[in-house]
Amino acid sequence: KDQQFDSFFTLLQFAFSWCYVIEFFILLTAMSWAEYCSTTARIFDFLTTWILWLVSMAYYLPFASVQGDLLHYANILRLLRLVRVLKSLKRLPKVAFMFECVSTLLVSAIDILTFLFAILYLFCALGCQLVGGKLYQGNPDLEGTAYEESKYYSLNFNDMLSAFSLWFVNLLCAYNVSLADGVAAAVPTGAARHAWMIFLLFYFSVAILAFELVSAFTIETFVALTKEQPQSDSE
């Protein structure tokens, strides 16, 4: 089945490569070669078209390693060509408005993102101090826990980067019972035996708060841009 799947997509790539070639010749029937090469975008299309066509032909060469490398780089060229198509879509008013909304949100949300990063850094430091070095594969205290069954060993407090990944997952997925269960089992006694409660604290103070702030900020920015849109159209 995998071989049939690969063959289908290889045939699809071959068909699209011929479509690019046909498009190139159709354009040459409507303009001269000098006019075709007058823009950088068309030169890029010319190079991409023929490179993709040669790569599709190379599929039938008896060199498996060469085929894999060429197809890998050809997919990068296809991605760059897709970026050009998306860029041309900005001429449409609705698409241009969407790009304006996204860019405005990213620029205006710097303060919120900085605040969120500072809070995440605080929780990362707190988690490393309380549970640092406790969540690892092979720890007998984690046997039979939901943390072990879910294979969450990469999400731990052994270093700041791993802790940041753990809190980022909690920020997206809200409260995670498996992670809290793992922390509770890893630190059953001692001063940090209630360390699992930092997940509840994070959920109520960061996850919910951040969601509300981002939602309110997004709605407010969108409404402001929508009010400005009729004015720009009339101008």
For [X] against [Y], the heavy-atom pair lying closest together:
{"X": "G144", "Y": "E149", "result": "O-OE2, 4.0 Å"}
{"X": "Y121", "Y": "M160", "result": "CE1-CE, 3.5 Å"}
{"X": "R42", "Y": "E35", "result": "NH1-O, 3.2 Å"}
{"X": "A163", "Y": "C124", "result": "C-SG, 3.6 Å"}
{"X": "Y153", "Y": "Y147", "result": "CA-OH, 3.5 Å"}
{"X": "A186", "Y": "N139", "result": "CB-ND2, 4.4 Å"}

| message | Could you check whether atom CZ of F24 has more than 12 heavy atoms from other residues, nucleotides or ligands sitting under 6.0 Å from it? | response |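 Yes.
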| query | If you count the non-hydrogen atoms of other residues, nucleotides and ligands that lie under 6.0 Å from CE in M197, is the total more than 12? | reply |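 Result for CE/M197: open.
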Transitively linked via ILVMFWY side-chain contacts under 4.5 Å: [X] with [Y]?
{"X": "W50", "Y": "W33", "answer": "yes"}
{"X": "V183", "Y": "L122", "answer": "no"}
{"X": "I119", "Y": "F204", "answer": "yes"}
{"X": "L166", "Y": "F168", "answer": "no"}
{"X": "F25", "Y": "L27", "answer": "yes"}

Is the backbone of [Y] close enough, under 3.5 Å, to the side chain of [X] for a donor and an acceptor to pair up by distance?
{"X": "T145", "Y": "L142", "answer": "yes"}
{"X": "N158", "Y": "G132", "answer": "no"}
{"X": "E23", "Y": "C19", "answer": "no"}
{"X": "N170", "Y": "Y203", "answer": "no"}

Mind checking whether [X] and [Y] have side chains closer than 4.5 Å, heavy atoms only?
{"X": "L116", "Y": "L171", "value": "yes"}
{"X": "F123", "Y": "L201", "value": "yes"}
{"X": "N156", "Y": "Y136", "value": "no"}
{"X": "F164", "Y": "L120", "value": "yes"}
{"X": "F157", "Y": "L130", "value": "no"}
{"X": "W167", "Y": "L155", "value": "no"}

| query | Roughly how far, to the nearest 0.5 Å, is CZ of F202 from CG of L126? | reply |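 It comes to 11.5 Å.
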| task | Any chance you could measure I198, atom CD1, to L200, atom CG, to the nearest 0.5 Å? | result |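 Between I198 CD1 and L200 CG, I get 10.0 Å after rounding to 0.5 Å.
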| request: Give the other cluster members for L113, using side-chain heavy-atom distances under 4.5 Å between Ile, Leu, Val, Met, Phe, Trp and Tyr residues; answer none if it is isolated. | output: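 Its cluster mates, by chain and number: none.
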